[in-house]
There are 2 protein chains.
Amino acid sequence: MSIKKIPESTISRLFVYLRELSELSKLNIRTISSSELGERVNLNDAQVRKDLGYFGQFGISGSGYDINELKAALEKILGKDKTWNVAVIGAGHLGSALITYPGFQQHGLNVVTAFDADVKKIGKRFGGITIQPAGELPKAVKEKKIAIGIIAVPAKDAQEVANSLVKSGVECILNFAPTVLSVPENVKVNNVDLSRALETFSYFLVNPALSGRVNKAVSGKK
Amino acid sequence: MSIKKIPESTISRLFVYLRELSELSKLNIRTISSSELGERVNLNDAQVRKDLGYFGQFGISGSGYDINELKAALEKILGKDKTWNVAVIGAGHLGSALITYPGFQQHGLNVVTAFDADVKKIGKRFGGITIQPAGELPKAVKEKKIAIGIIAVPAKDAQEVANSLVKSGVECILNFAPTVLSVPENVKVNNVDLSRALETFSYFLVNPALSGRVNKAVSGKK
DNA sequence: GTATATTTGTGAAAAATTGCACAAAGTCTG
DNA sequence: CAGACTTTGTGCAATTTTTCACAAATATAC
């Protein structure tokens, strides 16, 4: 294990491998080679090996990787064996949908608290979570050990919320507001623009001639 | 305009630029330089110019880019000068959030109708849209020229909804249900798993020391 | 109108990422 | 147990993407 930089795309692919390994594990398959795994997720075999190589040596020459072993290793690397507390800020339509979104639980993410600046929203309940006044955020982050903040407020308020989260010590922000947040270097922001998912519909369908000029997506991701 | 390949990341950034230009336009600012624009979206100025350079020459030496002109050019390139009619199926928390999600409008996507199978939901209104009975879907698709269907129903009902959309002639489906849809080849499906966006966080949270080894994310991407 | 400032567009350099290819390690067959 | 396969891990090459840096173009100040 060298001290080389790890591409973020490698991390994305690790999640893809993990998902595939989980499937394989259910089917009671014991081992898999990098080329078989690569084929299943549309990637080069060398890519698979190189990605894993950033984190150690998991394979056996001549026979490949033990599926359950590799799965466990990836879960550890990716933090899938842990759970995290999440706060949702903004209890409008989107925010309240996120509070009760069942998918988070499956990924070890527990929404433990939610906030809104609007007095009319405070006290409302969504699936066991009661909306708190926005001013309570810093205290709650510390008391409830919030690791991730989800911003679901209008774009114009997003930066202010981000500042508050950062000041309270949150280092991971998922931003649903369609705006660019500026945060310190140590804070990681993921932007989700729900309309982004529809963008490919408009760009690629409207410009079929140009789409041939666009480099294909590489990993399972975006 | 050369014949060079266009990185997919460039396309993503174009959407980011466009969003920023729309903001600037609202503020009645007339021109912007690549470095100013870059600063606003956390990118190198050369990156901005090179991205635009794939599609033509839009700037004026010494003064920069005319915001409205560049905005119009990007809208054309990205197919944003066209609009699409959208139907939302499922009027639960997520569905009702999507019906009123302001981001869609900005991307030329008009939610013109919404459906639910639950009799109790029918007739409810969300931002000007009245929930229709699911049975009305085929008729509405034709009458309202629906191009895109958004599935926001529980996973177990998603396939049935997809079948109905396809049968009605919809060729683009955005699926928020955490399940894999099977559809004919000519139908384009985009899956959105909201928890996917949170996945990379678990890695950073569990490996704070390693995070310095990971290359920074580039754009609003991924 | 000349000199000084900006700012674009773009080759070329640098950096990052992916793919090749092969030695080394392990497996399998008879 | 020898020889033929298989498959890993990784240095290195190829490709892709980003950044630098500078000539050319335009703007501004006086």
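Chain naming here is simple, since letters A, B, ... match the order of the sequence lines and numbering starts at 1 in each.
Applying the 90° cutoff around 0 to the glycosidic angle, C/dA25 is assigned anti.
Atom CD of A/Glu36 and atom C1' of D/dT7 are 11 Å apart (whole Å). Rounding to whole angstrom units, CD of residue B/Gln57 and P of D/dA25 are separated by 11 Å. Counting to the nearest Å, the P atom of D/dT15 and the NZ atom of A/Lys50 are 16 Å from each other. Regarding B/Asn44, its CG atom lies at a distance of 15 Å from the C1' atom of C/dA16, rounded to whole Å. Residue A/Phe58 contributes atom CZ, which lies 13 Å from atom P of D/dT8 at whole-angstrom precision. Counting to the nearest Å, the P atom of C/dT10 and the CD1 atom of B/Ile6 are 14 Å from each other. Across the protein-nucleic acid pair, B/Tyr54 atom OH and C/dT8 atom P stand 17 Å apart, rounded to whole Å. Rounded to an integer number of Å, the gap from A/Arg13 CZ to C/dG19 C1' is 12 Å.
The side chain to side chain contact (heavy atoms under 4.5 Å, CB included) test applied to A/Gln159 returns A/Ala162, A/Asn163, A/Leu181, A/Ser182, not counting sequence neighbours.
In this structure, C/dA15 forms a base pair with D/dT16, meeting either the Watson-Crick or the G-U wobble geometry with both donor-acceptor distances under 3.5 Å. Base-pair partner of C/dT27: D/dA4 (Watson-Crick or G-U wobble, both distances under 3.5 Å).
Residues A/Asp81 and A/Lys76 are not paired through a salt bridge, judged by the lack of any N-O separation under 4.0 Å between the basic side chain and the carboxylate. Between B/Glu36 and B/Arg40, none of the side-chain N atoms (NZ, or NE/NH1/NH2) sits under 4.0 Å from a carboxylate O, so this pair counts as no salt bridge. Between A/Lys71 and A/Glu75 there is a salt bridge, since a side-chain N of the basic residue sits under 4.0 Å from a carboxylate O of the acidic one.
Of the side-chain N and O atoms in B/Ser34, none sit less than 4.0 angstrom from OP1 or OP2 of C/dT7. The side chain of A/Gln47 places no N or O atom within less than 4.0 Å of a non-bridging phosphate oxygen (OP1 or OP2) of C/dC20.
Formation of a donor-acceptor pair under 3.5 Å by the B/Asn68 side chain with backbone atoms of B/Ala72 is not found in this model.
Taking CG from B/Leu74 and OG from B/Ser22, the interatomic distance works out to 9.0 Å, rounded to the nearest 0.5 Å.
Across all strands shown, B/Ser35 has no heavy atoms under 4.0 Å from either base or sugar-phosphate atoms.
Within the 4.5 Å cutoff, the side chain of A/Asp157 has heavy atoms near those of the A/Pro154 side chain.
Side-chain proximity of A/Ser9 to the nucleotides C/dG19, C/dT17, D/dC20 is greatest for C/dT17.
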Legend entry - Heavy-atom protein contacts under 4.0 Å, nucleotides 21-30 of chain C, coded B base, S sugar-phosphate only, - none: B---BS----
